[in-house]
Structures are given as structure tokens and as C-alpha cells.
Amino acid sequence: MDEVSKTGYREWESELATIAPELLEELGEKREPEKGLPPLAGAEGGVTMRFAPNPNGPPTLGSARGIIVNSEYVRRYNGRFILRFDDTDPKTKPPLPDAYTWYLEDCRWLGAEPDEVIIASDRLEIYYDHARELIEKGGGYVCSCSQSEFKEYRDKGEPCPHREESTGENLDRWREMLGGAVEAGRAVLRVKTDMGHRNPAIRDWVAFRIVDTPHPRPEIGDRYRVWPLLDFESAVEDHLLKITHIIRGKDLIDSENRQRYIYRYFNWEYPRTLHWGRVKIHEFGRLSTSEIGAAIRRGRYTGWDDPRLPTIRSLRRRGIQREALRRFFIGLGVNETDIELSMENIYGENRKIVDRTARRYFFTPNPVRVRIKDAPPTVAKPLLHPPETRRGHRTIPVKNEVMISREDAEKLKNNELLRLKDLYNIRITKINKVIEAEYTKGEIDIIREKKCRIIHWAPPDGIRVEVLTVKGRESGIGEPGIAESIGRVVQFERYGFVRIDSMKDGIVTAYFAHR
RNA sequence: GCUCCGAUAGUGUAGCGGCCAAUCAUUUCGGCCUUUCGAGCCGAAGACUCGGGUUCAAAUCCCGAUCGGAGCACCA
């Protein structure tokens with residue numbers, strides 16, 4: 001062995017060839033790179049996963065990651081996907097009744113139809129039963145310390161007086177809590193963990209508290225006033241639903257340590273867990289659902305599908321395809337690093353998908369009129385989809401005036417020769433409020449030769465179009481055919497991809513997707 | 001402060017002791033093609049946070065530093 005160590009890799013290799021050729025073969029094997037998500041450890045016995053949001057707003061880009069990655073694993077291993085609403089806080093993060101439906105809609109739209117939908121607020125009795133059982137096992141106690149009192153005990157790592165009470169006493173006090181005799185804030189049910197745990201976050205955490213605020217779901221309302229906290233509810237549900245793998249934000253890592261105490265008391269097996277870091281998107285920053293909700297109420301946004309918001313419904317309205325989101329998030333994988341990324345990545349995926357089918361149209365934002373001398377009346381026939389000529393063309397009748405975008409108009413020079421795309425060549429004769437030009441004979445070859453510009457245009461009697469973008473609203477004139485593409489994602493040539501949303505009073509509204 | 005994590009091109013991501021003078025995508029820049037500043041094709045640019053150690057061999061293992069993040073709630 002000493003002899004081998006002194007020599008280099010090459011020698012080492014040839015030496016190996018003489019003593020153990022079968023090992024050398026192993027050395028030469030190429031490792032296959034994994035496409036998409038890495039395999040899930042422990043998936044052999046079947047996979048059940050859940051996505052567990054608090055429905056206090058519609059799903060956002062962040063939720064999409066959870067929905068897509070969880071459901072993708074389930075799909076790959078032929079398992080079960082559960083959508084579970086963790087809606088057990090009627091007070092500080094009150095659920096929004098509409099959001100339950102929104103989650104279901106958006107899951108479906110993303111191609112993640114849940115096999116089962118669970119609503120925690122329907123299952124309080126189950127949690128109460130488990131709480132009682134926990135107390136009976138000596139794993140829980142009713143604590144009437146105030147928050148600050150308990151904080152002192154926790155910081156010192158010492159038990160509070162209630163910790164030592166008998167099981168019978170605790171059961172009585174638990175029944176009192178449930179019975180409504182105790183004021184909100186005067187008692188909680190704690191899980192007995194370890195007051196000396198090195199991580200204070202783990203020490204005797206709260207499992208249930210009393211909340212007087214009614215639950216926003218009308219069918220629940222004020223039926224209950226003792227509510228479990230996430231760690232208790234989630235711990236019990238994950239077991240009951242036979243969840244095998246959990247993927248969640250790394251902010252919940254300590255949660256797992258807390259929940260493991262419950263699993264220990266009940267002798268359950270904890271699911272495998274994976275965590276991901278925080279995602280920050282340049283274009284949107286960090287917006288919490290509750291902040292967005294408040295901004296909508298203030299009128300800062302038009303609603304949850306405002307194109308400036310990172311909600312799934314907004315992206316959908318803008319024409320972002322589910323497949324773009326799926327590819328994107330599957331490519332991101334599951335990683336504990338916090339990431340900061342740009343929407344460009346998603347737009348790039350979307351562009352590839354949408355370009356294959358999007359019809360092309362002319363749209364001139366902030367239009368400026370161009371009067372063309374000696375222009376013969378004609379009909380322009382640009383292709384509907386240039387890569388596929390057999391899809392036919394649009395027809396745009398033109399007299400002797402067109403509109404061009406202000407951006408193009410500002411770049412014009414006197415006497416400039418240019419081409420109106422798919423129409424004819426013109427020469428600029430006068431730049432004014434109305435631009436004057438003259439019709440010039442000659443085809444595209446002249447333009448190419450002289451490297452002149454080709455710009456798009458719209459007929460003055462075209463259709464009025466309002467485009468809603470992330471930055472604001474832009475209005476202009478588009479070719480009439482746009483009205484035939486309502487609901488479709490199209491490309492406004494030299495402008496970008498938009499989804500034609502609707503038409504009202506002869507005005508088309510489009511949502512801007514990306515360039 | 002205490003308890004945990006993490007660090008690969010501008011942005012993401014693969015790799016997890018010899019196939020790595022490091023993958024793929026996006027980005028940026030050239031060129032071709034095209035009656036779009038779109039798409040496509042070709043080419044180029046660009047990274048293992050730093051310092052020690054272990055080893056014949058380190059992006060990969062260990063220790064430390066730096067930077068970043070999460071938790072320490074009767075929120076999820």
C-alpha cells in the first residue's frame with residue numbers, strides 16, 4: 001500500500017488493473033445525470049404528500065412551487081396528493097372564505113388535481129380527542145401562566161408550576177377550557193417536551209389556545225373557541241393522512257423538532273422531511289399575503305388578479321402557461337438555500353411555449369398619425385403566424401393614413417426611407433404633430449439593401465386597445481382582427497406577448513405577459 | 001444574545017473523494033436566417049466565498065473565519 005501511495009493516479013490505475021480489473025470497470029462507468037427533480041428517498045413503500053396552505057388569500061408564485069413540486073413527486077411515484085387547509089387561526093391570519101375555492105381552482109389549473117381535500121377547521125373534534133389522549137399519556141398540561149411569565153420560565157429553562165399537576169387535574173382543566181369557562185388568554189394546553197432543551201423554541205410549546213374571534217367560514221363561525229396551533233394540528237393530520245414525505249419551507253425546521261414530541265408520545269412514525277429556502281423575486285420583492293390583501297382594500301390594486309401581483313390568477317390572466325411554471329419550479333428543485341430570481345426565467349419558459357401558437361397582430365401604443373401622399377388604397381395581408389405560413393393571414397384595409405407608435409415616431413428623421421411592415425415603403429417628408437410621408441415604389445429588397453427600418457403600424461380606424469402591464473396601463477390602436485382573439489395569448493409584433501382579456505364598448509383590454 | 005441551516009458563472013441549477021481545466025437553463029455579446037426588437041440555428045463570455053487540515057487525489061470530507069438565512073409567538 002505504501003508503494004501505491006507514492007505514485008500518481010495513472011500508475012495507481014494500471015496497478016489496479018492487474019490486481020482487481022473488475023473494480024476498474026466500475027471506475028469507468030459514467031454517472032447518469034438526473035433530469036428534473038432528484039429521486040425521493042424512501043419512496044419505495046408508496047408516496048403520500050400534501051400541500052397545506054392557510055387560505056388567507058389566493059395561491060401565489062410561492063404556493064405554486066409547493067403545489068407543483070409535491071404533486072410532481074406524487075405523479076412520479078404514483079402516489080396520493082392531498083390539499084389540506086391549515087385554517088386554525090381565526091384571529092391573526094383569518095382565512096378568506098373565497099380562497100378555499102381559489103386554491104382548488106389553481107391546483108387544477110396547475111395540473112395538480114388533489115386526490116383528497118381536508119379542511120382543518122372541520123376536524124376540531126379529532127384534535128380535541130388527541131389532546132385528551134395526550135394529557136392522559138402525561139404529555140400535555142394546561143398552563144395558565146401569562147405569556148411573559150412563561151417566557152421567563154422558558155428562558156431560564158425551568159418548569160412552571162402547572163407542569164407538575166396531576167393528569168386528573170389537567171383533564172379537568174382541559175374540560176373547563178373546552179367548556180367555555182375560561183377567558184381567552186387565560187389558559188393554554190402545552191406539550192411537555194424538555195424545559196432544558198438547548199433550543200428554547202422547543203421548550204413546552206403551546207398546542208391549543210382560546211380564541212374568541214369567530215372563524216370566517218360561516219359553517220364554523222363561533223362553534224369553537226379552543227383552537228390548535230399549526231404544530232399540533234399538522235402533527236396529528238400528517239399522521240392520520242398517512243403522509244410519507246413533507247416538503248416545506250425551512251422556516252418550519254424547528255416545527256419538526258416540536259412535532260416529534262407528539263409522535264413520540266403517540267408512538268407514531270414521523271414522515272420524511274425536505275426543506276426549501278425562501279424565494280425572492282426581483283420584480284415583486286417580498287410581499288406577504290396579508291400585506292397584499294390590505295393593499296387591495298386600500299385600492300392600491302384592482303384585485304387579487306391585478307397584473308402587478310405575483311398571484312397565480314394574475315399570471316394566468318396574463319397568459320403565463322401552466323407548463324412554464326411547472327418546468328420552472330421542477331428545474332429549481334428542492335434546496336435549502338434562499339434564492340433570489342427574476343421573472344425573466346419564467347418568461348423565458350413561457351415564451352418558448354407561447355411563441356409556437358400565438359397569432360401575430362399589430363398594436364401601436366401612444367399612436368401618432370402618418371399621412372401618406374400618393375398612397376394607393378390597398379389591403380395588407382400579414383401572416384397570422386410567420387413560422388407556419390399555412391395558418392393564413394390577416395387582412396387590413398389601408399387608405400392613405402396609418403398610425404405608428406410614438407416610440408417609433410420619435411426616432412424618425414426627415415427624408416428617411418422605411419418600410420411599413422407587410423405594406424409598402426414610405427419616405428418621411430415632414431415631422432410634425434401629424435407626420436407626413438410619401439409613398440415610394442419598391443419592395444423589401446431595397447429596405448434590406450439600405451438597411452432601413454421596418455416598423456409596424458395600425459389603421460386609424462382600427463380597434464382601441466388598453467394593455468395592462470406590471471408597470472401600469474398603455475393605450476393605443478390595434479388592427480381590427482385583435483377582436484377575434486379574445487381569451488388567447490397573442491404577440492403584438494415588436495411589442496410583446498399579451499393575453500387578450502376582454503372587449504367592452506369597443507375597447508379591448510389586454511394583459512401584458514412579457515416581451 | 002441563544003439554537004439551527006446554507007454558500008458552484010449576473011441569476012438559478014447539476015455534481016457530494018479520482019470521470020470536473022465543473023452540467024444544464026437563463027442572461028449578455030457576436031454571426032446566420034427571418035418583411036417583428038419574437039422564434040430558430042451557430043459561436044463566445046462567465047463560477048466551486050476565504051484560510052487551514054485529512055488524502056497519492058478535495059467543489060466534494062474535517063476545523064475555523066466571512067457572508068447570507070431561519071427559528072427563539074397563545075401566526076402559518
Side-chain angles (χ1 to χ4, degrees), chain A residues 1-2 4-9 11-13 27-31 33-35 38 52-54 56 86-89 91-93 95 143 145-147 150-151 154-155 184-190 197-203 205-211 227 229-231 233-234 248-255 257-258 275 277-279 282 288-290 327-328 331-333 335-342 344-349 351-352 354-356 358 360 362 382-383 385-387 419-423 443-445 447-448 453-456 491-497 514-515:
Chain A
M1 198 57 200
D2 284 346
V4 179
S5 325
K6 271 181 242 153
T7 55
Y9 172 57
E11 290 78 3
W12 184 89
E13 193 180 27
L27 211 62
E29 270 172 35
K30 278 274 177 203
R31 282 182 212 135
E34 278 297 330
K35 280 274 175 210
N54 174 18
N56 60 343
D86 285 350
D87 59 345
T88 55
D89 180 2
K91 197 176 172 187
T92 45
K93 285 192 176 170
C143 169
C145 291
S146 72
Q147 271 188 68
F150 190 83
K151 187 180 183 335
R154 183 177 54 220
D155 290 348
R186 300 306 293 267
V188 294
L189 182 74
R190 289 188 183 280
H197 193 107
R198 37 199 318 226
N199 184 352
I202 310 300
R203 298 173 191 165
W205 49 274
V206 176
F208 286 83
R209 83 301 205 187
I210 303 168
V211 181
W227 287 91
L229 279 100
L230 173 83
D231 284 319
E233 178 265 338
S234 185
R248 59 184 162 205
K250 69 173 182 184
D251 47 319
L252 261 28
I253 288 180
D254 286 337
S255 255
N257 297 127
R258 283 196 281 257
H275 300 96
R278 222 173 153 149
V279 180
H282 295 312
S288 77
T289 306
S290 33
R327 283 183 205 161
F328 177 74
L332 266 191
N335 198 309
E336 277 191 37
T337 324
D338 296 310
I339 54 177
E340 215 170 306
L341 45 90
S342 156
E344 283 307 325
N345 297 281
I346 293 172
Y347 295 159
E349 291 289 354
R351 188 151 38 220
K352 272 183 254 170
V354 133
D355 183 72
R356 286 203 302 268
R360 269 57 171 175
F362 290 152
L383 287 165
H385 188 250
R419 184 169 182 86
L420 296 174
K421 188 170 184 283
D422 299 303
L423 188 61
E443 279 312 311
I444 183 79
D445 358 336
I447 299 296
R448 287 234 183 85
R453 294 196 293 148
I454 299 167
I455 64 170
H456 69 283
Q491 190 198 56
F492 284 167
E493 296 198 41
R494 299 180 64 235
Y495 181 82
F497 292 91
H514 46 76
R515 285 199 64 90

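Bear in mind the structure is a predicted one, so any value in this text is a computation, not a measurement. So you know, we letter chains A, B, ... as the sequences are listed, proteins then strands, and number each from 1.
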Measure the distance from [atom1] on [X] to [atom2] on [N] and round it to the nearest whole Å.
X	N	atom1	atom2	value
A/His385	B/rG40	NE2	C1'	12 Å
A/Ile202	B/rA70	CD1	P	17 Å
A/Ile455	B/rU36	CD1	C1'	12 Å
A/Gln147	B/rC75	CD	C1'	11 Å
A/Lys91	B/rA76	NZ	P	13 Å

What's the closest nucleotide to the side chain of [X] if the choices are [options]?
X	options	result
A/Arg351	B/rU27, B/rA76, B/rA70	B/rU27
A/Phe497	B/rG38, B/rU35, B/rA25	B/rG38
A/Asp89	B/rA76, B/rC74, B/rG38	B/rA76
A/Arg278	B/rA70, B/rG38, B/rA76	B/rA70
A/Asp355	B/rU35, B/rG38, B/rC74	B/rG38
A/Arg209	B/rA76, B/rC72, B/rU35	B/rA76

- Message: Please check if the number of heavy atoms outside A/Lys421 that lie under 6.0 Å from its NZ is greater than 12.
- Response: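 Counting neighbours around NZ of A/Lys421, more than 12 heavy atoms of other residues, nucleotides or ligands fall under 6.0 Å, so yes.
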
- What stem regions, each of at least 3 consecutive Watson-Crick or G-U pairs below 3.5 Å, can be found for RNA chain B?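 RNA chain B forms these stems: B:1-7 with B:66-72, B:10-12 with B:24-26, B:27-32 with B:40-45, B:49-53 with B:61-65.
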
- Message: Quick one, A/Glu340 with A/Arg278, criterion salt bridge (charged side-chain N to carboxylate O under 4.0 Å, His left out). Give me CA distance, side-chain angles, the key distance, then yes/no.
- Response: CA-CA 8 Å; A/Glu340 215 170 306; A/Arg278 222 173 153 149; over 6 Å; no

With rounding to whole Å, what would you report as the distance between [N] and [M] at their [atom1] atoms?
N	M	atom1	result
B/rA14	B/rC56	C1'	28 Å
B/rA57	B/rG52	P	15 Å
B/rU8	B/rA47	C1'	6 Å
B/rC19	B/rG31	C1'	34 Å
B/rA59	B/rC20	C1'	8 Å
B/rA39	B/rG30	P	15 Å
B/rU36	B/rA25	C1'	25 Å
B/rG12	B/rG17	P	25 Å

Does [X] make a side-chain N or O approach to OP1 or OP2 of [N] shorter than 4.0 Å?
X	N	result
A/Lys352	B/rU26	yes
A/Gln491	B/rG38	no
A/Arg154	B/rA73	yes

- Message: Between A/Asn345 and A/Ser342 (side chain of the first, backbone of the second, donor and acceptor by atom type, cut-off under 3.5 Å), is there such a pair?
- Response: yes

- Sub-3.5 Å donor-acceptor pair from the side chain of A/Arg203 to the main-chain atoms of A/Arg154, do we have one?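 Here the side-chain-to-backbone pair exists.
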
For [X], answer base if it contacts any base atom (sugar-phosphate contacts may also be present), sugar-phosphate if it contacts only those atoms, and nothing otherwise; contact means non-hydrogen atoms under 4.0 Å.
X	answer
A/Val188	base
A/Ser255	nothing
A/Asn54	sugar-phosphate
A/Asp422	base
A/Gly277	nothing
A/Leu252	base
A/Cys145	base

Do [X] and [Y] have side chains that get closer than 4.5 Å, going by heavy atoms?
X	Y	value
A/Arg209	A/Asp89	yes
A/Phe328	A/Leu341	yes
A/Arg453	A/Arg419	no

- Message: Given A/Phe362, which partner from the list A/Leu423, A/Leu420, A/Asp422 fulfils the side chain to side chain contact (heavy atoms under 4.5 Å, CB included) test?
- Response: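 Only one of A/Leu423, A/Leu420, A/Asp422 forms a side chain to side chain contact (heavy atoms under 4.5 Å, CB included) with A/Phe362, namely A/Asp422.
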
- Message: Applying ring pair (Phe, Tyr, Trp, His ring centres under 6.0 Å), can you list everything that pairs with A/His514, at least two apart in sequence or on another chain?
- Response: A/Tyr347, A/Phe497

Are there any protein N/O atoms within less than 3.5 Å of an N/O atom in nucleotides 2-12 of chain B, and if so, which ones and at what distance?
from	atom 1	to	atom 2	distance (Å)
B/rU3	O2'	A/Asn199	ND2	3.4
B/rC4	OP1	A/Arg198	NH1	2.6
B/rC4	OP1	A/Arg198	NH2	2.7
B/rC5	O2'	A/Glu336	OE1	2.3
B/rG6	O2'	A/Thr337	OG1	3.3
B/rU11	O3'	A/Glu340	O	2.5
B/rU11	O2'	A/Glu340	O	3.3
B/rG12	OP1	A/Glu340	N	2.7
B/rG12	OP1	A/Glu340	O	2.7
B/rG12	O5'	A/Glu340	O	3.1

- Query: Taking 4.0 angstrom as the limit, do A/Asp338 and A/Lys250 come out as a salt bridge?
  - Reply: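 Answer for the salt bridge query: yes.
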
Protein-nucleic acid N or O pairs under 3.5 Å, nucleotides 64-67 of chain B:
none

- Partners passing salt bridge (charged side-chain N to carboxylate O under 4.0 Å, His left out) against A/Asp231 (at least two apart in sequence or in another chain):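 By the salt bridge (charged side-chain N to carboxylate O under 4.0 Å, His left out) rule, A/Asp231 matches A/Arg258.
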
- Query: Sequence neighbours excluded, which residues qualify as side chain to side chain donor-acceptor pair (under 3.5 Å) partners of A/Arg448?
  - Reply: none

